[in-house]
Amino acid sequence: MSRLTALLTAPTIDLARVAAHLDALDHGARVAEVTSLGKREQARLFAAADGFRPLALDHFVPEGHAPMREVVHHGRNSLPVFTRFAKVFTRPDDPRAAGEVVWGYNRTSGLLQTTVGPGYFVAYPYAKEGEVLIDYLRTPPRKPDGWPEILPNSARLSRVVYYRTQDVMRGVSEHVSIGRATRDGKEMPNYFVLCRED
């Protein structure tokens, strides 16, 4: 059992200790611990993170990153299969959108990417202060070179995975965030944890 898992299975979660532990790790160790979390730990982490660390768009694309330069967040979801993935974000090249939104998509294995689709989204501050919404109801108008073709989330098997969904994101530590999926505004029992690559 990893130290992170132990902290998240304790009777009471001390999120300050969780954040300090994650911040003390190097990137490889941090990704390894974060992507070892199962559904129960992710659900507990999401609940504990409510109001803990205010999250803003610069968590996903830190200040100083040039527009249309990608920032990768390694992730694990709580689904029974295809659990490893990455959410890749970029700051728009449109100055009118600067600070208002970031764009992104889901990077998965080759076959899954082809059959399901890239799952493009627009992220922006959520109605609840300190949280960010990843919105699959919206797609970016363009993308950085090298990203897959932008497809609507009603296409391919993306209709089953991303269509009509939005993810609510909460902050955990300097590099780590936790999300919960909703569909048509209703919470789903699906969670995922992300770790930013600097």
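Worth saying up front: this structure is predicted, and the values here are computed from it rather than measured.
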Heavy-atom side-chain contact between Arg53 and Arg170 under 4.5 Å: no
Any donor and acceptor pair, going by atom type alone, linking the side chain of Thr5 with main-chain N or O of Met1 inside 3.5 Å? no
In short, Ser78 meets Asn190 closest at the heavy-atom pair OG-CA, 3.5 Å
Whether Phe89 and His73 hold their rings parallel, tilted or perpendicular, with breakpoints at 30° and 60°: perpendicular
Counting only N and O atoms by type, is there a donor-acceptor contact under 3.5 Å from the side chain of Tyr120 to the main-chain atoms of Pro148? yes
Heavy-atom nearest pair, Val132 first then Ala123, reads CG1-CB, 4.2 Å
Looking at side-chain heavy atoms only, is the closest gap between Val101 and Pro92 below 4.5 Å? yes
Mind checking the CG-CZ spacing from Leu133 to Arg138? Nearest 0.5 Å is all I need. 9.5 Å
Quick one: sort the Tyr162 and Tyr136 rings into parallel, tilted or perpendicular, breaks at 30° and 60°. parallel
Heavy-atom closest pair (Arg44 atom, Leu8 atom, distance to 0.1 Å) is NH1-O, 2.7 Å
Keeping the roles fixed (side chain from Glu33, backbone from Leu4), state whether a donor-acceptor pair exists under 3.5 Å. yes
Measure the OG-CZ distance between Ser177 and Phe46 for me, rounded to the nearest 0.5 Å. 10.5 Å
Derivation and outcome, side-chain contact (heavy atoms from CB on, under 4.5 Å), residues Leu7 and His21: CA-CA 9 Å; Leu7 289 168; His21 170 67; 4.1 Å; yes
Does Leu22 offer a backbone N or O that forms a donor-acceptor pair with the side chain of Arg30 under 3.5 Å? yes
Shortest non-hydrogen separation from Pro140 to Ile150 and the atoms involved: O-CD1, 3.5 Å
Is there a side-chain contact between Cys195 and Thr35, using heavy atoms and a 4.5 Å cut-off? no
Backbone N or O of Gln113 within a donor-acceptor pair of the Thr108 side chain at under 3.5 Å? yes
Salt bridge between Glu70 and Lys143, side-chain N to carboxylate O under 4.0 Å? no
Using atom types as modelled and distance alone, determine if a side-chain donor or acceptor of Glu41 lies under 3.5 Å from a backbone N or O of Gly38. yes
Non-hydrogen side-chain atoms of Tyr126 and Val168 separated by less than 4.5 Å: yes
Identify the heavy atoms of Met188 and Arg183 that sit nearest to each other, and give their distance. SD-CB, 3.6 Å
Please say yes or no: joined through hydrophobic side-chain contacts below 4.5 Å, possibly via intermediate residues, are Val172 and Val193 part of one cluster? yes
Any chain of hydrophobic side-chain contacts (each under 4.5 Å) joining Ile178 to Val18? yes
Does a side-chain heavy-atom distance below 4.5 Å link Leu55 with Met169? yes
Determine whether Arg69 and Val61 satisfy the following criterion, side-chain contact (heavy atoms from CB on, under 4.5 Å), listing intermediate values before the conclusion. CA-CA 9 Å; Arg69 176 186 167 197; Val61 182; over 6 Å; no
Is Leu194 reachable from Leu57 through a run of hydrophobic residues whose side-chain heavy atoms are each under 4.5 Å from the next? yes
Could you go through the side-chain contact (heavy atoms from CB on, under 4.5 Å) check for His27 and Glu197 one step at a time? CA-CA 7 Å; His27 173 69; Glu197 180 179 300; 3.8 Å; yes
Atom OG of Ser2 and atom CG of Leu37: how far apart are they, to the nearest 0.5 Å? 6.5 Å
Please answer whether the main-chain N or O of Gln166 pairs with a side-chain N or O of Thr182 as donor and acceptor at a distance below 3.5 Å. yes
Under 3.5 Å, side chain of Arg156 to main-chain N/O of Thr114, donor-acceptor pair present? yes
Is any side-chain N of the basic residue among Glu187 and Arg180 closer than 4.0 Å to the acidic one's carboxylate O? yes
Quick one, Trp103 with Arg91, criterion side-chain contact (heavy atoms from CB on, under 4.5 Å). Give me CA distance, side-chain angles, the key distance, then yes/no. CA-CA 6 Å; Trp103 299 338; Arg91 181 173 291 113; over 6 Å; no
Quick check on the hydrophobic clustering: are Val88 and Val176 connected, directly or via other members, by side-chain heavy-atom contacts under 4.5 Å? no
Are any non-hydrogen side-chain atoms of Leu45 and Ile13 less than 4.5 angstrom apart? no
Could you check whether any side-chain N or O of Arg76 sits under 3.5 Å from a backbone N or O of Val34, counting only pairs where one atom can act as donor and the other as acceptor? no
Do Phe82 and Asn77 come close enough that some side-chain heavy atom pair is under 4.5 Å? no
From Ile134 atom CD1 to Lys87 atom NZ, the distance as rounded to the nearest 0.5 Å: 5.0 Å
Let me confirm one number: the CZ-CZ distance from Phe60 to Arg196, rounded to the nearest 0.5 Å. 9.5 Å
Ignoring hydrogens and angles, state whether a donor on the side chain of Asp198 or His175 is under 3.5 Å from an acceptor on the partner side chain. yes
Strictly distance-based, threshold 3.5 Å: is any side-chain N or O of Asp26 a donor or acceptor partner for the main-chain N or O of Ala29? yes
Is there a side chain to side chain donor-acceptor pair (under 3.5 Å) between Tyr124 and Asp135? Walk through the geometry before answering. CA-CA 8 Å; Tyr124 48 87; Asp135 190 353; 2.5 Å; yes
Side chains of Ser158 and Asn153 only: does a donor on one sit below 3.5 Å from an acceptor on the other? yes
Do the charged groups of Arg96 and Asp94 touch, with an N to O distance under 4.0 Å? yes
Leu151 and Pro118: which non-hydrogen atoms are nearest, and at how many Å? CD1-CD, 4.0 Å
How many angstroms lie between CG in Leu15 and CG in Asp50, if you round to the nearest 0.5 Å? 10.5 Å
Cation over ring, Lys39 on Phe192, under 6.0 Å and within 45°? no
